[in-house]
Structure formats: C-alpha cells, structure tokens
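The structure appears right after this line, and notes come after that.
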Amino acid sequence: MLTLSACSGGDDDAGGGKAAAPAGQADIDKAMQTPTELTFWSWVPNIQKEVDMFTAKYPAIKVKLVNAGQGEPQYTKLRTALKAGTGAPDVAQIEFQYIPTFSLTKSLVDLRPYGAEALKDKFVDWTWSQVSGANGEVWAYPQDTGPMGLLYRQDLFDKYGIEVPKTWDEFAAASRKLHAADPNVYLTNLAPNQNGVWMGLLWQAGVKPFANTGPDSVGVKLNDEPSKKLGAYWGGLIKEGVVSTDPDFTDPWYQALNRGKYAAWIAAAWGPTFLSGSAKSTTGKWRAAPLPQWDAGKPASGNWGGSTSAVVTGTKNPIAAAKFAEYINTDPAVTKRFATEQFLFPATKALLTDPEFTGQKPEFYGGQTVNQVFSDISGTVDTQFQWPPFLDQVGNDWDETVGKSFADKSDTGAALDQWQTRVTDYAKNQGFKVQ
C-alpha cells in the first residue's frame with residue numbers, strides 16, 4: 001500500500017463513531033488541492049468511468065480502484081485489514097444491510113463534519129434512514145437501491161386468465177388456479193437459499209425483526225405474530241405445491257426462467273435489467289407491477305439489495321475520502337451514468353423523477369415504463385426497518401432453519417422459532433443484551 005492509502009492509526013476523530021470538528025471550506029479546498037492518493041474498493045462493473053469524472057474535477061487526487069470481491073468476500077478482507085491495521089481502503093462500497101455491522105465496530109467514519117447532513121434531502125427518505133446512526137451519525141452515502149416489485153409474464157397470465165394480483169390473498173388464489181391449469185407452471189418460486197427476499201418480504205409486511213437499541217443491546221423479533229403470519233402464508237403455499245422452491249441464480253433456475261416454469265418473479269428494481277440479460281428468449285413477454293399488498297389501502301414495499309459508499313476508519317485523508325464518496329453519489333452526471341450505463345437503480349430523488357430515466361420503454365417489457373413503476377414503488381418503502389450488527393450469522397441461521405423448511409416442505413412456524421433461538425443465543429454469546 002502507498003503511504004497515502006488508508007491504514008489503521010489515523011486521527012481518532014476521523015472515525016469510529018466520534019465526529020470530528022466540522023471541516024471549514026478553507027480546509028476542504030486545501031485537501032482537494034493537495035496531492036493525495038485514495039484507495040477505493042468497489043465491485044461495480046466499469047466504475048472507473050465515474051472515478052475518472054472525479055479525478056478530472058480534482059486532478060490533485062488520485063484514486064486507486066480495487067475490486068476486492070463482491071459482498072461477503074470483500075467484507076471478510078475489510079475486517080482482516082482493519083484488524084491487522086494495514087491494507088484497508090479509504091472508501092469502500094458497503095451494502096445497506098451491512099452498515100450496522102461495520103458502524104458498531106467503529107469501522108466507519110461519521111460524515112457529518114464533511115457536510116453530509118446538508119445532502120439528506122437529495123436522497124430517497126428510506127435510504128437516508130439506512131445510513132444514519134442512532135445519534136444522528138451519517139455512515140455512508142446511498143449509491144443504488146432495490147425496492148421490491150413483481151415481474152410477471154403477461155403472455156402466461158393471459159393464457160391462464162390470471163389478473164395481476166393486487167393483494168396477497170389474490171396472489172394465493174392465482175397460484176392455485178395457475179398450477180391447477182398446468183402442473184408444470186408455478187406463479188412464482190421462493191428460493192430456500194435466498195434470505196434477502198425473506199428480509200424484503202418482512203420489510204414489506206411491516207415486521208421489525210431487529211432494533212439496534214444501543215452499542216451493546218439489540219432487539220430480535222423473528223417469530224412474532226406478523227412474522228408467523230408471513231411464515232404460515234408462504235409455508236402453506238409451498239406445502240400445497242403451488243409455489244416452487246428451486247435454489248435461485250443457478251443454471252436450472254435460469255433455464256426455468258427461459259422456458260416459462262415461473263409466471264412471475266418477486267424481484268427488486270435491479271431485476272428488470274438482470275432479467276433482460278438472463279432470459280433473452282422471453283423478450284417482450286414480461287411486465288412489472290408493485291408487490292401484492294397485505295393492506296390494499298396502504299401501499300408498502302420492502303427493499304432487496306443496494307449499496308453505499310462509506311469512508312473507512314483510519315484513513316489519513318478523511319476530507320478527500322468523504323468528498324469523493326459524496327461526489328460519486330450526488331453529482332448529477334455521475335449518478336445518471338450509474339443509472340444508464342451500469343443500470344444501478346437510483347437512490348437520488350432527482351433521478352427518480354427525471355423523465356429521461358422514468359420514461360424509458362424497454363422492448364423486453366413490451367414498451368412498459370418499468371423505471372417509473374419502480375420509482376413509484378421506492379416511495380412506499382418503510383423508513384424504519386433496521387438490520388442487525390451480525391448479519392452474516394443471521395443469514396446463515398436463516399438458511400438452516402426457515403430456508404430449510406421451504407426446501408423440506410416442513411413447518412415454517414417451527415423454523416421461525418428455531419431462527420429466533422439461534423440468533424438470540426448468538427447475540428448473547430457475543431455480549432449483547434437481547435430485547
């Protein structure tokens with residue numbers, strides 16, 4: 001690592017949850033004109049283009065781009081580097097759900113001293129809640145999102161006389177009707193290896209599975225009444241055999257998408273682009289709609305996916321790092337490029353109301369303005385949902401309890417109890433008070 005890259009032992013006031021004194025404009029100007037090298041970890045394809053836009057504006061700042069892996073592989077390397085005190089980046093891409101995991105361990109810099117609070121209104125409300133701490137800290141800038149909706153095969157719905165379900169009761173009835181008409185077709189698939197979808201469905205149902213109530217305490221409610229209701233709903237459809245449980249993002253799953261085994265996919269806002277590349281043989285047959293609702297009078301959705309840019313504790317250049325993270329997530333030209341070239345679904349209000357973005361009519365979706373559909377959905381995502389500070393464990397335990405109950409067609413209610421017990425025990429063993 002170059003000497004100007006991030007490493008442990010920097011100014012304590014730069015991070016670890018302790019806000020530094022506000023940086024004055026003179027300090028900011030000086031930092032942005034001082035020859036500096038930042039290291040940025042990101043897995044976004046071709047993000048060098050956006051990095052180059054920053055360095056063109058601030059030529060004194062050089063940015064070393066590193067792909068350290070996507071998701072968990074990167075986080076493992078980041079934890080290792082932080083523990084070793086060397087090799088950590090200045091700025092890292094971190095998914096929303098991992099912000100508590102890293103902020104609790106004082107691994108992220110509070111961005112308030114560098115002007116973050118003034119930018120709150122640029123972002124969709126729920127995304128700002130996801131990057132905010134209990135005491136007002138701003139741990140990262142939102143970059144992309146995954147509000148959840150329903151992608152469905154219009155041709156199959158027409159063939160079997162299925163209306164787009166507006167409620168989950170209608171969805172269940174349609175599942176039974178479709179599978180009875182053709183046992184080889186399912187209305188949807190609920191993958192037993194995909195805890196992200198379950199978290200999003202909990203989110204949409206108004207469940208509050210976690211609450212970060214303090215540095216050493218956490219609320220865990222994975223088997224309360226609304227969770228059991230959700231479990232009974234999906235477990236019941238799976239036991240009836242009208243919803244399939246194929247592992248997703250596997251070769252058989254891709255093949256099933258292309259041959260029409262699933263008439264719909266519960267997906268996120270990144271799904272439309274992903275699907276158009278993975279199921280090309282079905283071009284023109286798909287459409288998008290909001291998720292079915294538990295209360296038709298109160299539209300709601302959850303989120304699956306999306307990420308942020310966070311400044312890592314120990315950076316020697318907190319001002320330059322913070323301004324880099326700010327620039328690539330707020331500059332209008334950069335954010336539009338993310339949306340139109342890398343097809344990241346926006347976190348900024350400006351792009352979600354930009355007719356050039358929302359008015360696109362992709363052929364794959366029969367000319368439907370899919371971006372508008374998901375832009376509208378984004379406004380219905382609950383701002384109060386929280387993630388635990390030990391997400392890896394929560395996900396692993398879900399796979400071995402709730403996910404396994406789907407695959408085995410066993411009692412999902414009992415599996416939720418097991419999940420609650422396992423996560424609670426783990427939290428206590430880690431020194432948390434569980435509420």
Side-chain angles (χ1 to χ4, degrees), residues 1-21 23 27 30-32 34-43 47 51 60-114 116 131 133-135 137-141 212 214-216 307-326 328 387-393 426 429-432:
M1 298 292 290
L2 298 176
T3 57
L4 291 175
S5 294
C7 65
S8 177
D11 186 347
D12 286 341
D13 288 344
K18 188 185 297 183
D27 293 329
K30 180 180 179 181
M32 304 311 287
T34 300
T36 304
E37 179 164 340
L38 302 174
T39 298
F40 174 40
W41 285 8
S42 175
W43 57 76
I47 198 172
V51 171
I61 312 294
K62 307 302 179 186
V63 179
K64 179 182 179 182
L65 177 62
V66 176
N67 185 336
Q70 181 166 350
E72 290 186 24
Q74 178 195 272
Y75 303 141
T76 299
K77 293 177 183 177
L78 181 57
R79 292 187 188 100
T80 300
L82 287 165
K83 184 176 181 180
T86 184
D90 296 272
V91 181
Q93 183 176 357
I94 296 179
E95 293 161 289
F96 288 112
Q97 63 266 32
Y98 279 92
I99 292 293
T101 297
F102 285 98
S103 63
L104 184 71
T105 55
K106 300 182 179 181
S107 302
L108 305 181
V109 173
D110 182 359
L111 300 175
R112 286 178 296 176
Y114 315 109
V131 300
N135 297 312
E137 303 95 339
V138 180
W139 297 122
Y141 286 107
N212 296 306
D216 61 351
S307 60
T308 72
S309 299
V311 177
V312 179
T313 298
T315 176
K316 297 293 187 180
N317 305 286
I319 294 177
K323 289 301 174 181
F324 170 72
E326 173 188 324
I328 64 168
W387 298 98
F390 35 75
L391 186 66
D392 289 344
Q393 186 66 36
Y426 177 83
N429 288 337
Q430 295 300 308
F432 288 95

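Small disclaimer: the values here were computed from a predicted structure and weren't measured.
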Next item on the list: Evaluate side-chain contact (heavy atoms from CB on, under 4.5 Å) for Phe432 paired with Leu104, printing each intermediate quantity in order.
Entry: CA-CA 12 Å; Phe432 288 95; Leu104 184 71; 3.4 Å; yes

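Put simply, the side chain of Gln93 never gets that close to the backbone of Ser307: no donor and acceptor are under 3.5 Å apart. Between the side chain of Asn212 and the backbone N or O of Trp387 there is at least one donor-acceptor pair closer than 3.5 Å. A donor-acceptor pair under 3.5 Å is formed between the side chain of Thr313 and the backbone N or O of Lys106.
Here the straight-line distance linking atom CG of Leu391 with atom CD1 of Ile99 works out to 11.5 Å at 0.5 Å rounding. Taken from CG in Asn67 to CH2 in Trp43, the straight-line distance is 9.0 Å, to the nearest 0.5 Å. Taken to the nearest 0.5 Å, the CG atom of Leu108 stands 6.5 Å off from the CH2 atom of Trp139. Separation of atoms CD (Glu95) and CD (Glu72) is listed at 8.5 Å; rounding is to 0.5 Å.
Under the rule for a side chain to side chain contact (heavy atoms under 4.5 Å, CB included), the partners of Ala322 that lie at least two apart in sequence or sit in another chain are Leu111, Tyr114, Val311. Tyr426 pairs by the side chain to side chain donor-acceptor pair (under 3.5 Å) definition with nothing, not counting sequence neighbours. Every residue meeting the ring-ring contact (aromatic ring centres under 6.0 Å, His included) condition with Tyr98, not counting sequence neighbours, appears here in chain and number order: Tyr75. Every residue was checked against the side chain to side chain donor-acceptor pair (under 3.5 Å) condition with Gln74, not counting sequence neighbours, and none meets it. Evaluation of the side chain to side chain contact (heavy atoms under 4.5 Å, CB included) rule for Ile61 yields Met32, Thr36, Leu38, Phe54, Tyr58, Val63, Ala320 as partners, not counting sequence neighbours. Thr105 meets the side chain to side chain donor-acceptor pair (under 3.5 Å) test with Ser107; sequence neighbours excluded.
In this structure, Glu137 and Asn135 approach most closely via the heavy-atom pair OE1-N, 3.0 Å. When all heavy atoms of Pro89 and Ala92 are compared, the closest pair comes out as CG-CB, 4.0 Å. Residues Pro100 and Pro388 approach most closely at CB-O, 3.8 Å, considering heavy atoms. Across Ala116 and Val138, no two heavy atoms sit closer than the pair CB-CG1, 3.8 Å.
Contact check for Thr308 versus Phe96: side-chain heavy atoms found under the 4.5 Å cut-off. When side chains are defined from C-beta on, Ile319 does not count as touching Pro113, because their heavy atoms never get closer than 4.5 Å. Residues Ser309 and Ile328 meet the side-chain proximity criterion, which asks for heavy atoms closer than 4.5 Å. Using a 4.5 Å cut-off on side-chain heavy atoms (C-beta onward), Asp392 and Thr101 make no contact.
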